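I have placed the structure first, in the form of structure tokens, so that the comments after it can refer back to it.
Every value quoted in this text rests on a predicted model; they were computed, and no experiment measured them.
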Amino acid sequence: MEMKMTGKKINDKRTWVMGTKYLLDFMFFSGILVTASLPWSIRLIGRQLPYLLTCYEETVIIYFVLGVAAEKLLWELRKIFGTVLEENCFVQANVNSLRRMGNWSFFIALMAVVRSIVYLTVAMGVIILVFVVAGLFSKVLSLVFEQAVAYKEDTDLTV
């Protein structure tokens, strides 16, 4: 039984899709600015949180590496989102992107553990957990997408 989408549902879907696209774009481009400004922003924030300045170089390096990893993760997500906009998301490129997103998520969790050696906060434990779960989710989702791509390719050959 096939359901047809009404004009309102299509517009609602388009609103969510475009809103998410703009949010991803904002996060990606603002992330570049934040990562690039770390040497200055750490000093500025260090006026209020002096412990950041006790290990200034280590803090800048760790957050820079975390920023680059987050940017790589967002880049992969934006690539996947491009296929969503094209309404062709079950492709091998998305399987590869999801695998890389899992790798970047695990890397971010590992770097957060390293950061915790410099100074430990409760929030960092939460961040580590979130990125481990995100890594696992991305890896499992890549397997699901891989199977969907195989089914799609098989169906395309049949028709």
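Arg47 approaches Leu53 most closely through the heavy-atom pair N-CD1, 4.5 Å. Leu73 and Ser105 make their closest contact through CD1-OG, 3.2 Å (heavy atoms, listed as atom of the first residue, atom of the second, distance). The two residues Glu71 and Gly31 have their closest heavy-atom pair at OE2-CA, 3.2 Å. Closest heavy-atom contact between Met101 and Leu77: CE-CD1, 3.8 Å. When all heavy atoms of Phe81 and Thr20 are compared, the pair lying nearest together is CE1-CG2, 3.6 Å.
Note that CG of Leu74 is 11.5 Å distant from CZ of Phe26, once rounded to the nearest 0.5 Å. Expressed to the nearest 0.5 Å, how far NZ of Lys79 lies from CG of Leu24 amounts to 14.0 Å. The line from NZ of Lys72 to CD1 of Ile108 is 12.0 Å long, rounded to the nearest 0.5 Å. How far OG1 of Thr121 is from OH of Tyr51: 7.0 Å, rounded to the nearest 0.5 Å. The CG atom of Leu38 sits 11.5 Å away from the CD1 atom of Ile62 when rounded to the nearest 0.5 Å. From Met111, atom CE reaches atom CH2 of Trp104 across 11.0 Å, with rounding to the nearest 0.5 Å.
A donor-acceptor distance shorter than 3.5 angstrom exists from the side chain of Ser37 to the backbone of Val34, with no hydrogens or angles considered.
Hydrophobic clustering, with ILVMFWY side chains joined whenever heavy atoms are under 4.5 angstrom apart, keeps Val91 apart from Val17. There is a path of hydrophobic side-chain contacts, each under 4.5 Å, that joins Leu23 to Phe28. Leu44 and Leu33 are assigned to two separate hydrophobic clusters, defined by single-linkage of ILVMFWY side chains at heavy-atom distances under 4.5 Å. At a threshold of 4.5 Å between side-chain heavy atoms, the hydrophobic network of Ile, Leu, Val, Met, Phe, Trp and Tyr places Met27 and Phe29 in one connected group.
Looking at Phe107 and Val65, their side chains come closer than 4.5 Å, going by heavy atoms from C-beta outward. Between Cys89 and Ile80 there is no side-chain heavy-atom pair separated by less than 4.5 Å. Residues Pro39 and Tyr56 are in side-chain contact: their nearest non-hydrogen atoms beyond the backbone lie under 4.5 Å apart.
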Exercise for the section: Please assess Glu58 against Ile117 for the test side chain to side chain contact (heavy atoms under 4.5 Å, CB included), listing each intermediate value before the final yes or no. Expected result: CA-CA 11 Å; Glu58 295 87 348; Ile117 294 168; over 6 Å; no
For residues 123-143, dump all side-chain donor-acceptor pairs below 3.5 Å to protein atoms at least two apart in sequence or in another chain.
from: Ser138; atom 1: OG; to: Ala134; atom 2: O; distance (Å): 3.0
from: Lys139; atom 1: NZ; to: Arg99; atom 2: O; distance (Å): 3.3
from: Lys139; atom 1: NZ; to: Asn103; atom 2: OD1; distance (Å): 2.6
from: Ser142; atom 1: OG; to: Lys139; atom 2: O; distance (Å): 2.6

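The number of heavy atoms from other shown groups lying within 6.0 Å of CZ (Phe106) is above 12.
Remark: Met18 engages Arg14, Lys21, Tyr22, Leu85 in a side chain to side chain contact (heavy atoms under 4.5 Å, CB included) (not counting sequence neighbours).
Cation-pi contact between Arg115 and Tyr63: absent, since separation from the ring centre below 6.0 Å together with deviation from the ring axis within 45° is not met.
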